[in-house]
Amino acid sequence: MTADRVRAIWCREFRRDDIRADDDFFALGGQSLVMVRIQGAYIEELGVEVPMDQMFLNPTVASISAYIESQAATTAP
């Protein structure tokens, strides 16, 4: 499930294991360097490029996971 994989990336990059699906990236202390590392992990681990504007528009695990799934659905053959 995408949300589980996204949550695992966030937990690793924030160095904490208590992140929930509705936790806000910025409320967790997210800043540009963390965002860039997470973007790289999305490419490397999920095979999807998430533009920075989408990271701002979808600042929770749940919302960015939904965005990633929608992108996968639109690019599927």
Enumerate the salt bridge (charged side-chain N to carboxylate O under 4.0 Å, His left out) contacts for residues 57-67, please, sequence neighbours excluded, ordered by first and then second residue.
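Pairs touching residues 57-67 that pass the test: none.
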Enumerate the salt bridge (charged side-chain N to carboxylate O under 4.0 Å, His left out) contacts for residues 47-72, please, sequence neighbours excluded, ordered by first and then second residue.
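For residues 47-72, and leaving out neighbouring residues, there are no salt bridge (charged side-chain N to carboxylate O under 4.0 Å, His left out) pairs at all.
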Which label fits Phe26 and Phe56: parallel for a plane angle under 30°, tilted from 30 to 60°, or perpendicular past 60°?
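The rings of Phe26 and Phe56 lie parallel, inter-plane angle below 30°.
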Not counting sequence neighbours, which residues clear side chain to side chain contact (heavy atoms under 4.5 Å, CB included) with Ser63? List them please.
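By the side chain to side chain contact (heavy atoms under 4.5 Å, CB included) rule, Ser63 matches Asn58, Pro59, Thr60.
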Give every donor-acceptor pair under 3.5 Å between a side-chain atom in residues 30-43 and any protein atom, sequence neighbours left out.
unit_1, atom_1, unit_2, atom_2, d
Gln31, OE1, Leu33, N, 2.8
Arg37, NE, Glu13, OE1, 2.7
Arg37, NH2, Glu13, O, 3.4
Gln39, NE2, Val50, O, 2.8
Tyr42, OH, Trp10, NE1, 2.8

What pair of heavy atoms forms the shortest contact from Ala3 to Ser65, and how long is it?
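Answer, listing the atom of Ala3 first, then Ser65: CA-OG, 3.2 Å.
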So which atom in Tyr67 and which in Pro51 form the shortest heavy-atom distance, rounded to 0.1 Å?
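It is OH-CD, 3.6 Å.
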Just wondering, do Arg5 and Ile68 contact through their side chains at under 4.5 Å, heavy atoms?
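Result no, sub-4.5 Å side-chain heavy-atom pair not found.
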Does some side-chain heavy atom of Leu46 sit less than 4.5 Å from a side-chain heavy atom of Val6?
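Result yes, sub-4.5 Å side-chain heavy-atom pair found.
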Which residues pass the salt bridge (charged side-chain N to carboxylate O under 4.0 Å, His left out) test with Arg15, sequence neighbours left out?
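Once residues adjacent in sequence are excluded, Arg15 has no partner under the salt bridge (charged side-chain N to carboxylate O under 4.0 Å, His left out) criterion.
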Taking only residues two or more places apart in sequence or in another chain, which ones pass salt bridge (charged side-chain N to carboxylate O under 4.0 Å, His left out) with Asp17?
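With sequence neighbours excluded, Asp17 shows a salt bridge (charged side-chain N to carboxylate O under 4.0 Å, His left out) to no residue whatsoever.
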Quick check: is Leu57 connected to Val61 through a chain of hydrophobic side chains (ILVMFWY, heavy atoms under 4.5 Å apart)?
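No, Val61 does not connect to Leu57 through the hydrophobic network.
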Arg7 (side chain) donor-acceptor with Ile19 (main chain) under 3.5 angstrom:
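At least one qualifying donor-acceptor pair exists.
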Kindly compute the distance separating CD1 (Ile64) from OG1 (Thr2), expressed to the nearest 0.5 Å.
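Taking CD1 in Ile64 and OG1 in Thr2, the distance rounds to 11.5 Å.
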